[in-house]
Engineer: 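Okay, handing you the structure first.
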Amino acid sequence: MRIDIITIFPEFFSVLDVSLVGKARQSGLIDLRVHNLRDHTHDRHHTVDDTPYGGGAGMVMKPEPWGDAIDAILTDVHPLTEPTEQTDATDAAPLLIFPSPAGELFTQAMARELAEEPNLIFGCGRYEGIDQRVFDHYAEAGRVRLVSLGDYVLNGGEVAVMAMIEAVGRLIPGVVGNPESLVEESHEDGLLEYPSYTKPAAWRGLEVPPVLRSGNHGAVAAWRREQQLERTARVRPDLLPPAN
Ligand SMILES: N#Cc1c(N)n[nH]c1-c1ccc2c(Cl)cn(Cc3cccnc3)c2c1
């Protein structure tokens, strides 16, 4: 998978040189490139924002630098070729993802969808947002998704993109050493995960639940399922499957 990130804070993503994503980059499983939006400006001050039409507080990100930056990536990902009978421009077009407070909620299901994409381009906006015409222009030619991490307010898209890249990257085959560990996770089966324990058997007067030391795998599985359902009902009843 190739991932391109456009941002005015490229240094923000230096952390992606380490940990699982860093190892995946070194092994070639993920080809991740970070682009400075200001490299696509042409004035002395590398201006990326301006005042909003219609008034209001704050500044809006200008469309021209975004257009130059995205076009440069699209050309690099797919040098000008005629769509073949196997694929047309839409099928092969990279998916453009823009974090936005107005976006669709990012979920594990969406992470699984994105992990199937060969090319992702993440656009990290700042200020009050990106000129709407950027989304409209590229939505005509390909696929654009505005995505939100949740119902709280961030100062820009970078934190959201970091989270999405981690959630998507770990689903790419080969990135996580033991793929089994991806199965029993919160939200993978729709429920929150069960509590985990390791040695010592007793710690500060707190014992590991005896069933986990019983060696009875069926009883352990049943206990873990019950813990998932109890925890989900208590903390996230919205995730519970509908009663049949
Ligand atoms: N994803 C997500 C997400 C989230 N969950 N909260 N805030 C954001 C988010 C994403 C993208 C931007 C861009 Cl571009 C500018 N801002 C600042 C802002 C804050 C409030 C209203 N308008 C703009 C962003 C906030």
Side-chain angles (χ1 to χ4, degrees), residues 1 3-16 21 32-41 43 45-74 94-115 117 119-171 186-187 192 235-236 238-239:
M1 175 186 285
I3 298 175
D4 289 88
I5 304 170
I6 305 168
T7 173
I8 59 173
F9 297 124
E11 65 280 8
F12 191 98
F13 294 97
S14 54
V15 73
L16 292 179
V21 173
L32 189 139
R33 307 175 193 208
V34 183
H35 309 269
N36 189 336
L37 181 68
R38 294 194 192 279
D39 293 346
H40 295 274
T41 59
D43 65 300
H45 299 294
H46 300 292
T47 307
V48 293
D49 64 308
D50 205 333
T51 53
Y53 276 118
M59 303 291 273
V60 174
M61 299 194 92
K62 296 168 58 62
E64 302 98 322
W66 282 100
D68 288 1
I70 294 169
D71 286 352
I73 295 168
L74 291 175
L95 180 58
L96 275 159
I97 300 163
F98 295 93
S100 167
E104 55 184 303
L105 186 64
F106 183 66
T107 62
Q108 188 66 14
M110 189 188 297
R112 284 195 290 269
E113 281 176 50
L114 300 186
E117 294 286 340
N119 299 102
L120 298 176
I121 301 175
F122 288 98
C124 303
R126 281 271 155 172
Y127 306 100
E128 291 307 306
I130 301 170
D131 188 298
Q132 178 64 33
R133 289 169 292 181
V134 174
F135 310 137
D136 297 344
H137 172 75
Y138 288 101
E140 282 168 19
R143 295 170 299 151
V144 173
R145 295 182 81 165
L146 272 58
V147 179
S148 171
L149 275 196
D151 296 333
Y152 41 83
V153 180
L154 303 170
N155 290 326
E158 283 80 5
V159 166
V161 167
M162 188 75 79
M164 287 190 267
I165 287 177
E166 175 141 328
V168 172
R170 61 198 302 278
L171 297 177
S186 279
H187 305 290
L192 299 184
V235 178
R236 289 290 305 275
D238 57 298
L239 294 178

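Computed from a predicted structure; not experimentally measured. One is the number of the first residue; the rest follow in order along the sequence. One-based numbering, in listed order, for ligands and for the atoms of each.
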Engineer: Taking atom CG as the centre, does Asp43 end up with more than 12 heavy-atom neighbours from other residues, nucleotides or ligands that are less than 6.0 angstrom away?
Structural biologist: yes
Engineer: Out of Leu154, Leu105, Val147, Val60, who gets a non-hydrogen atom closest to atom 1 (N) of ligand 1?
Structural biologist: Val147
Engineer: Which one holds for Met61 and ligand 1: side chain close, backbone close, both close, or neither close, with close meaning a heavy atom under 4.0 Å?
Structural biologist: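 Near ligand 1, Met61 shows nothing, with every heavy atom at 4.0 Å or more.
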Engineer: Okay, side chain of Thr7, backbone of Phe9: is any donor-acceptor separation there less than 3.5 Å?
Structural biologist: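 Yes; judged by distance alone, with no hydrogens or angles, the pair exists.
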Engineer: Counting only heavy atoms not in Tyr53, do more than 12 sit closer than 6.0 Å to its OH atom?
Structural biologist: no
Engineer: Side chain to side chain contact (heavy atoms under 4.5 Å, CB included) between Phe12 and Ile5: does it pass, once the steps are laid out?
Structural biologist: CA-CA 11 Å; Phe12 191 98; Ile5 304 170; over 6 Å; no
Engineer: Could you list which atoms of ligand 1 come closer than 4.0 Å to a heavy atom of Leu149?
Structural biologist: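 Per the distance check, 1 (N), 2 (C), 5 (N).
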Engineer: Just let me know how Pro99 lines up against ligand 1, side chain, backbone, both or neither, with a heavy-atom cut-off below 4.0 Å.
Structural biologist: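 Both parts.
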Engineer: Answer yes or no: is there a side-chain heavy-atom contact under 4.5 Å between Asn155 and Arg126?
Structural biologist: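 Heavy-atom side-chain distance check passes, below 4.5 Å.
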Engineer: Roughly how far, to the nearest 0.5 Å, is CD1 of Ile3 from CE of Met164?
Structural biologist: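 With rounding to 0.5 Å, CE (Met164) is 11.0 Å from CD1 (Ile3).
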Engineer: Which ligand 1 atoms, with their elements, are less than 4.0 angstrom from a heavy-atom of Ala160?
Structural biologist: 1 (N)
Engineer: Of all the atoms in ligand 1, which lie at a distance below 4.0 Å from a heavy atom belonging to Asn155?
Structural biologist: 16 (N), 17 (C)
Engineer: For ligand 1, which is the ligand I care about here, please tell me if Ser148 has any N or O atom under 3.5 Å from one of the ligand's N or O atoms.
Structural biologist: yes
Engineer: For ligand 1, which atoms have a heavy atom of Tyr127 less than 4.0 angstrom away?
Structural biologist: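 Answer, ordered by atom number: 15 (C), 16 (N), 17 (C), 18 (C), 23 (C).
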Engineer: Is there a side-chain contact between Ile73 and Ile6 in this structure, where contact means two heavy atoms from C-beta onward sitting under 4.5 Å apart?
Structural biologist: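 Counting from C-beta outward, Ile73 and Ile6 do come under 4.5 Å.
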Engineer: Using modelled atom types and a 3.5 Å cut-off, is there a donor and acceptor pairing between side-chain atoms of Tyr138 and backbone atoms of Leu95?
Structural biologist: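 Not confirmed, Tyr138 side chain does not pair with Leu95 backbone.
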Engineer: With heavy atoms of Gly125 as the reference, note each atom of ligand 1 found under 4.0 Å away.
Structural biologist: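 Answer, ordered by atom number: 13 (C), 14 (Cl).
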Engineer: For atom 5 (N) of ligand 1, what's the nearest protein heavy-atom neighbour? Residue, atom name and distance, please.
Structural biologist: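 Looking at atom 5 (N) of ligand 1, the protein heavy atom closest to it is Gly150 O, 2.9 Å.
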Engineer: Hey, looking at atom 21 (C) of ligand 1, which of Ala102, Ser100, Pro101, Gly103 has the closest heavy atom?
Structural biologist: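 Shortest heavy-atom distance from atom 21 (C) of ligand 1: Pro101.
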Engineer: Which residue and atom name correspond to the protein heavy atom nearest atom 6 (N) of ligand 1, and how close is it?
Structural biologist: Tyr152 O, 2.6 Å
Engineer: Suppose we measure from atom 20 (C) of ligand 1 to each protein heavy atom; which comes out shortest, and what is that distance?
Structural biologist: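 Checked against all protein heavy atoms, atom 20 (C) of ligand 1 sits closest to Val153 CG1, 3.6 Å.
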Engineer: Let me see the working for Ile8 and His46 under side chain to side chain contact (heavy atoms under 4.5 Å, CB included), right down to the final yes or no.
Structural biologist: CA-CA 10 Å; Ile8 59 173; His46 300 292; over 6 Å; no
